[in-house]
Amino acid sequence: MFDSIGWPELLVLIVVGLFVLGPERLPQGAAWLGKTVRQVKEYATGARDHIKSELGPEFDDLRKPLEDLRGIRNFNPRSAVTKHLFDGENPLDLNSNGNGQPPTQPKPQQRPLAPGERPPFDSDAT
C-alpha cells in the first residue's frame with residue numbers, strides 16, 4: 001500500500017502533522033491513524049476471505065487473469081529486456097508455464113517416408 005512513500009515523504013508528513021496537530025496531540029493522532037489503517041486492513045481481509053469462501057474453487061479461476069494483468073501493469077522495459085536476453089524468458093507471453101517456456105503440447109508422431117513415397121504437399125500454402 002505504501003510502497004511509493006520514502007523517507008523524505010514520511011518526514012514531510014511528520015512535519016506537517018506536527019504543525020497541524022501540535023506536539024501535544026501528535027501522538028494521539030498517530031495512534032488514531034494506526035488504528036484506522038489496521039481496521040481497514042482487517043475489513044479488506046475479511047471481505048476477501050468471505051468472497052473466497054462463497055466462490056470456492058472459482059475464486060482461483062478469477063484470480064489468475066488478475067495476476068496476469070498485474071504483471072503487465074508492472075511492466076518495466078529494462079527488466080523485460082534483461083529477462084528476455086539473459087533468462088531466455090518472454091515477459092509478454094502470458095501463455096507460458098512459468099519457466100519462460102511455452103506450454104508443451106504433444107507433437108504428432110512423424111514417421112520417415114518409405115522409399116518412393118512422395119512427401120506431403122499443401123497446395124494452399126504455396
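Only this structure's heavy atoms are used, side chains among them; waters, hydrogens and symmetry mates stay out.
Hydrophobic clustering (ILVMFWY, side-chain heavy atoms < 4.5 Å, transitive): Val12 and Val20 are in one cluster. Placement of Val37 and Trp32 within a single hydrophobic cluster is found when ILVMFWY residues are connected by side-chain heavy-atom separations under 4.5 Å, directly or transitively.
Annotation: the span from Leu26 atom CG to Phe19 atom CZ amounts to 11.5 Å, rounded to 0.5 Å.
Checked by atom type and distance alone, the side chain of Arg25 pairs as donor or acceptor with a backbone atom of Leu21 at under 3.5 Å. A distance-only check finds a donor-acceptor pair linking the side chain of Glu9 to the backbone of Gly6 [under 3.5 Å].
Under the side-chain hydrogen bond (donor to acceptor under 3.5 Å, both in side chains) criterion, Gln39 pairs with Tyr43, not counting sequence neighbours. Arg38 pairs by the side-chain hydrogen bond (donor to acceptor under 3.5 Å, both in side chains) definition with nothing, not counting sequence neighbours.
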